[in-house]
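Notes follow once the structure below has been shown.
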Amino acid sequence: MVWSEKFVFFGSHDFSRRILAGLLAGGQQPALVISTISKPSGRKKIIEPTPVEVLAKNAQLPFVSIKSFKQSYPQELTQIQANFAILAAFNRLLPKSLLQLFPLGVINVHPSLLPLYRGPSPIQQAILDEQAVTGVTLIILDEEMDHGPIIAQEQLSLNYDDALTLFIRTADLAVNMLKLIVPDYLAGKIKPQIQDHSRATYTSLITKKSGQADFSWPAKKLDNMRRAYTPWPGLWTTWQGSILKFIKTTVSTEKNIKPGQVIWLNNSLLIGCGQNTALQIIELQQAGGRPQTAKDFINGHRSFLRTSLPS
RNA sequence: CGCGGGGUGGAGAAGUGGCAUCUCGCCUGGCUCAUAACCAGGAGAUCGCGGGUUCAAGUCCCGCCCCCGCAA
């Protein structure tokens, strides 16, 4: 059943793209899709379209990209006269005057159990904190980040997820929630609930440096980092002057390896960590190289054994 | 034209002008309480592609293709 009201979709990242794809598959067509323009980036310093832009153009949806809303709004946005909007991982705050363009508000998809994990890295932080459950919350945007009243919330149990798989699972859950909730919301059957702001927690922006390993930390923490920071920035250290990424790891049961010490034991590559623990490296990648198994890497780099990594 | 690393037997690496190397894997034989088993022998490479310089090019020069890191 197609929704009764016209809507605009805001999104930039692959998470957004996945949600938009889910909506389209369910027959919902936004009247307009809005995405951001990133700065020139990539190896060739080319401006690359966001995943949302690629999808919108393939689906031949009305599309406009913006740098910011500081100066003005795109004509399309004011002309369309949509009644509500859906926003997921858009990466820009919407000013109040823009929110007011939508009589029924802007529904924001946030991949956490708000008011927990507000901010830019809820998925990653839930993994770092070894949470047993996380979830998706739909809120009506207000002027503060992830602060508006809740219209729906669903839990999702965490297994040994990395951020990539968890992003996919939360996006899929979000699509199902939107399908169910939006019609009721448009019909006025849902009363938004104010968040308990006293319980709010916040996440911060992830940088390349966030993924840097310190082998004085316990193996479990390092393994959490590896999963939380997949695919970017990854868990990494430096060796022989360049970056070495640990693509796939697991916590070893071995003890008594000095923090930072690299050894080969029982056919596996181990690095000693803090609190008498060890991290097993299953797959790794050197700067400039493809990912390779621990064994392949060691065959070509015997000297990696018996070295000591920073801690 | 943002900066940088790389492409060498099946896998991973060394190799700055002079016999194609190392580790792993594979094959054959031997040894047998070794444990990343060991010993001996063996197969397997148009050194990413195209051109050039040279008596001689994996190596130097020019062009192209592909992979990756930084940075955003």
Side-chain angles (χ1 to χ4, degrees), chain A residues 11-17 34-54 65-70 89-93 119-121 123-124 162-164 167 203-214 222 225-250 252-258 260-272 278-310:
Chain A
S12 297
H13 284 205
D14 199 59
F15 178 73
S16 337
R17 193 218 91 234
I34 300 189
S35 192
T36 48
I37 301 176
S38 47
K39 291 178 195 167
S41 66
R43 290 195 182 86
K44 293 183 176 137
K45 218 68 176 173
I46 292 168
I47 296 175
E48 289 174 24
T50 65
V52 170
E53 175 167 353
V54 173
S65 57
I66 58 102
K67 214 168 237 166
S68 80
F69 292 115
K70 278 186 186 137
F90 185 57
N91 270 4
R92 298 284 192 285
L93 281 177
S121 59
I123 300 245
Q124 292 90 337
D162 62 35
L164 201 58
F167 261 113
T203 62
S204 49
L205 207 56
I206 293 167
T207 66
K208 178 71 190 177
K209 191 114 177 126
S210 308
Q212 186 169 18
D214 177 335
L222 293 166
M225 285 170 65
R226 187 219 99 213
R227 288 182 295 115
Y229 297 143
T230 298
W232 188 87
L235 176 68
W236 54 274
T237 188
T238 50
W239 184 61
Q240 294 187 340
S242 68
I243 286 192
L244 189 63
K245 280 197 205 170
F246 302 108
I247 305 291
K248 204 167 173 204
T249 59
T250 187
S252 168
T253 53
E254 289 296 330
K255 297 183 187 306
N256 302 320
I257 305 171
K258 275 193 304 190
Q261 192 187 359
V262 180
I263 64 162
W264 184 271
L265 187 67
N266 296 329
N267 219 30
S268 52
L269 178 62
L270 303 175
I271 302 176
L279 190 67
Q280 182 184 344
I281 309 303
I282 297 165
E283 227 173 88
L284 68 172
Q285 181 180 23
Q286 284 184 100
R290 297 161 161 276
Q292 51 195 252
T293 63
K295 191 159 194 173
D296 285 344
F297 180 78
I298 293 303
N299 281 340
H301 303 93
R302 295 259 130 180
S303 67
F304 187 60
L305 302 177
R306 299 178 306 276
T307 61
S308 209
L309 295 172

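Note on naming: letters A, B, ... go to the chains in the order of the sequence lines (proteins, then strands), and numbering restarts at 1 for each one. These numbers come from a predicted model, not from an experiment.
- Comparing B:U8 with B:U46, their C1' atoms are spaced 12 Å from each other, to the whole Å.
- The nucleotide B:G18 finds its pairing partner in B:C55, both defining distances of the Watson-Crick or G-U wobble pair being shorter than 3.5 Å.
- The distance from atom NZ of A:K295 to atom C1' of B:A36 is 7 Å, rounded to the nearest whole Å.
- With sequence neighbours excluded, the residues forming a ring pair (Phe, Tyr, Trp, His ring centres under 6.0 Å) with A:F304 are A:W239, A:F297, listed by chain and number.
- Going from atom CG of A:L164 over to atom CD1 of A:I123 covers 10.0 Å, rounded to the nearest 0.5 Å.
- For the pair A:E254 CD and B:A36 C1', the interatomic distance rounds to 14 Å; values are reported in whole Å.
- Atom OG1 of A:T253 and atom NZ of A:K255 lie 8.0 Å apart (nearest 0.5 Å).
- Each of A:W232 and A:W264 has a nearest nucleotide on RNA chain B; the 5'-most of these lies closest to A:W264.
- Rounded to an integer number of Å, the gap from CD of A:Q212 to P of B:G69 is 17 Å.
- Minimum heavy-atom separation, A:T203 to A:G119: OG1-C, 3.3 Å.
- B:U23 and B:A37 have their P atoms separated by 16 Å, given to the nearest Å.
- A distance of about 38 Å separates the C1' atoms of B:A71 and B:A45, rounded to the whole Å.
- Counting to the nearest Å, the P atom of B:A72 and the CG atom of A:N91 are 15 Å from each other.
- Nucleotide B:A40: paired with B:U28 (Watson-Crick or G-U wobble, both distances less than 3.5 Å).
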- line: Readout for nucleotides 7-16 of chain B: B = base within 4.0 Å of protein heavy atom, S = sugar-phosphate only, - = neither; 5' to 3' it is ----SBS---
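- To the nearest whole angstrom, the two P atoms, one in B:G58 and one in B:G17, are 13 Å apart.
- Atom pair A:W239:CH2 and B:G69:C1' shows a separation of 16 Å (rounding to whole Å applied).
- To the nearest whole angstrom, the two P atoms, one in B:C3 and one in B:G42, are 50 Å apart.
- Distance check: A:T293 OG1 to A:I281 CD1 gives 12.5 Å after rounding to the nearest 0.5 Å.
- Regarding A:I243, its CD1 atom lies at a distance of 19 Å from the P atom of B:C3, rounded to whole Å.
- Between the CG atom of A:N267 and the P atom of B:C24 there is a distance of 13 Å, given to the nearest Å.
- For the pair A:L235 CG and B:G69 P, the computed distance is 15 Å after rounding to whole Å.
- Distance check on atom P: B:G5 versus B:A57 gives 26 Å, rounded to whole Å.
- Side chain to side chain, A:T50 and A:S12 fail the donor-acceptor criterion of an N or O pair below 3.5 Å.
- Residues A:M225 and A:Q212 come closest through the heavy atom pair CE-O, 3.6 Å.
- A 6.0 Å sphere centred on NZ of A:K67 holds no more than 12 heavy atoms belonging to other residues, nucleotides or ligands.
- Across the P atoms, B:U16 and B:A34 are found 41 Å apart, a figure rounded to whole Å.
- When heavy atoms are screened at a 4.0 angstrom cut-off, A:L305 is found touching base atoms of the nucleic acid.
- On the C1' atoms, B:A43 is 37 Å away from B:C61, given to the nearest whole Å.
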